[in-house]
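To keep things clear, I will list the structure first and then write my remarks on it.
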Amino acid sequence: MCGIVGYVGAKPALDVVVEGLARLEYRGYDSAGVALLSDGRLATAKRAGKLINLRKALTESPPPAGTLGIGHTRWATHGPPNDRNAHPHTDCGGTVAVIHNGIIENFATLRAELEEGGHTLRSDTDTEAVAHLIEDELKTAGDLAEATRRVCGRLEGAFTLVAVHTGDPGLVVGARRNSPLVVGVGDGENFLASDVAAFIAHTRDAIELGQDQIVELRADGVTVTGFDGLPAEVKEYHVDWDVSAAEKGGYDYFMLKEIAEQPRAVADTLLGRIGADGRLTLDEMRISDQELREVDKIIIVACGTSFHAGLIAKYAIEHWAGLPCEVELASEFRYRDPILSRSTLVIVISQSGETMDALMALRHAREQHAKLLGICNVNGSTLPRECDGVLYTHAGPEIAVASTKAFLTQLVAVYLIALYLAQVRGTKWGDEVFAMVQLLAQMPEKVEKVLETMEPVRELARSLAGEHCVLFLGRHVGFPVALEGALKLKELAYMHAEGFAAGELKHGPIALIEDGLPVVVVVPPRVRDVLHDKIVSNIQEIRARGARTIVIAEEGDTSVEPYADTLISVPAVPTLLQPLVTTVPLQVFACELATAKGHDVDQPRNLAKSVTVE
Ligand code: M6R
């Protein structure tokens, strides 16, 4: 979704802002623009399409040099992605420039009011109204921060706004409600951005902004107040990764790098959580053991890939912790009437911590007094701040739109939570928990082994680049893995791909099978005899009808060989942990197939890294 950058300091602002926008490209966008203040004058440049178009325009017609600027990458909501609708938007006099992330729901009313009052609006966006409203408020407000504060009071919906005004050329004002915004604190310079990647090359010291806060950014200081004008308490933090983590490091795509980083990401997520005695300690849990013992139901809410991690969590929680567990898409959860109480634990899983549907679901659960636990990868994001407890996944920055290492670390996090619940509630003996934790600790090595054997998967993917449809089947925890494999292929290769529970095959999906149709089947370990044998029967059923079977099974499972057109072997691991090794070939498969089709796997069409609007 939209990316925001603001800078004030001593460096050439244009360079800092455009470099920041480049680091936010991964969020997904379809136009870009900048505004600079120089000698009390405002200069803007904006272009539809990728940043390269804006760079070209800036080279052809360079704006006057300045040390204060703002920049924006827009993911179109109101109005098509053209030059006119790109941000920044300015007021009638060209003295105020505004950029925005989110949706202003009452913009039509505000726009009508502005037009009646004599303003001329030049774009189709909801954002432009804000520039004109600030223009009006500046007549009486005295300063830009107060004018912005007053305007925020009139806006409905989600918004992060950043504004500059020629009347105060050393000031950048930011306002935050629901959409992300963080401050980067430098030496004689300060930054504003949708996420820290935009300024990580300059500073790793950051400030989280809370809901309904206004920040005034000057070269020599940062002031944060609430929408009510009162001083706000802020949380400072140090980013624990550096600029190299947000660079490709020799890989052609971030996605390739992130797939390769998975053993390390899994290890980092386990780090410090397993005591010498094998007991788990989850420090950031902030929900007491007594409260966890009182929990009688768990509901997991998430979107996309994080939802698939939630589906796998259900099996682990029910099996290890003996607690009923429901999993729900965040976008559906809040629009029904879920039955929650003080003894319900709601777990919200979100890589970014900024997915609007997940945050709204969280707030819905909070209103009903449920306990809230977040699983999140981004320090300083909204989700951890609004939860009672949090378990961070230490995947490092995930830049590619398609989630890979974040997913594997989310799995580690849900396993840790399920085992921790078992430990606290006594549903498993201490030595049983210890044994499982030991197996979990071996997972980085197992994932590494999978990665070492991926060349045949890449070859297979290239050979299927001309196909139009691929099906994925799985049972038990293999079912969410099948859903995840299909999602990866849809978002990267733009192909029809569906994941099914293999047991449902004869209830409908088998009608899709035709000669040569590639079907990927995730086979459970042989130790689960019943399920294993049933899925081997499913493979035979689809093969008899002409399917081209691509079978993922544990090494040494010779029983599937006769029915597999292609066999992908993964290390043998316990059933519940198997998604950690079976997902990886599906990531590699989708990435390679999409690359063979000539797609940009880091920035697939129409998609944004974090969906910060509904
Ligand atoms: O940041 P989140 O985990 O909340 O994001 C949820 C989904 O938008 C995300 O997983 C999406 O499905 C990915 N593109 C999948 O690869």
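Everything numeric here is computed off the predicted structure, so don't read it as measured data. Numbers here simply count residues along the sequence, with the first being 1. Remember, it's 1-based here, ligands and their atoms both numbered in the order they're listed.
A side-chain donor-acceptor contact under 3.5 Å links Glu354 and Thr382.
Within the listing of ligand 1, atoms 16 (O) sit less than 4.0 angstrom from a heavy atom of Ala402. Distances below 4.0 Å separate heavy atoms of Thr355 from the following atoms of ligand 1: 1 (O), 2 (P), 4 (O), 5 (O). Heavy-atom proximity to Glu491, at under 4.0 Å, picks out these atoms of ligand 1: 13 (C), 14 (N), 15 (C), 16 (O). Near Ser403, the atoms of ligand 1 lying under 4.0 angstrom from a non-hydrogen atom of the residue are 15 (C), 16 (O). Close approach to Ser350 involves these atoms of ligand 1, each under 4.0 Å from a residue heavy atom: 1 (O), 2 (P), 3 (O), 4 (O).
Salt bridge annotation for Asp212-Arg177: present, with a cationic side-chain nitrogen under 4.0 angstrom from a carboxylate oxygen.
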Report all side-chain donor-acceptor pairs from residues 393-406 shorter than 3.5 Å, counting only partners two or more places apart or in another chain.
| from | atom 1 | to | atom 2 | distance (Å) |
| --- | --- | --- | --- | --- |
| Thr393 | OG1 | Cys376 | O | 3.3 |
| Thr393 | OG1 | Asn377 | OD1 | 3.1 |
| Glu398 | OE1 | Ser403 | OG | 3.1 |
| Glu398 | OE1 | Lys609 | NZ | 2.6 |
| Glu398 | OE2 | Thr404 | N | 2.9 |
| Glu398 | OE2 | Lys405 | N | 3.3 |
| Glu398 | OE2 | Ala406 | N | 2.9 |
| Lys405 | NZ | Glu261 | OE1 | 2.7 |
| Lys405 | NZ | Ala395 | O | 2.8 |
| Lys405 | NZ | Pro397 | O | 3.0 |

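Within the 4.5 Å cutoff, side-chain heavy atoms of Ile375 are placed close to those of Val414.
Counting heavy atoms closer than 4.0 Å to ligand 1, residue Ser610 contributes nothing at all.
Close N/O approach between Lys609 and ligand 1 is not found [any backbone or side-chain N/O within under 3.5 Å]. On a distance-only criterion, Val401 and ligand 1 share at least one N/O pair closer than 3.5 Å.
Here the protein heavy atom with the shortest distance to atom 9 (C) of ligand 1 is Thr305 N, 4.1 Å.
Using the six-membered ring where Trp is involved, His87 and His72 have ring planes that are parallel, under 30° apart on the 30 and 60° scheme.
Annotation: salt bridge (charged side-chain N to carboxylate O under 4.0 Å, His left out) contacts involving residues 450-464, sequence neighbours excluded, comprise Glu455-Arg458, Glu455-Arg462, Arg462-Glu592.
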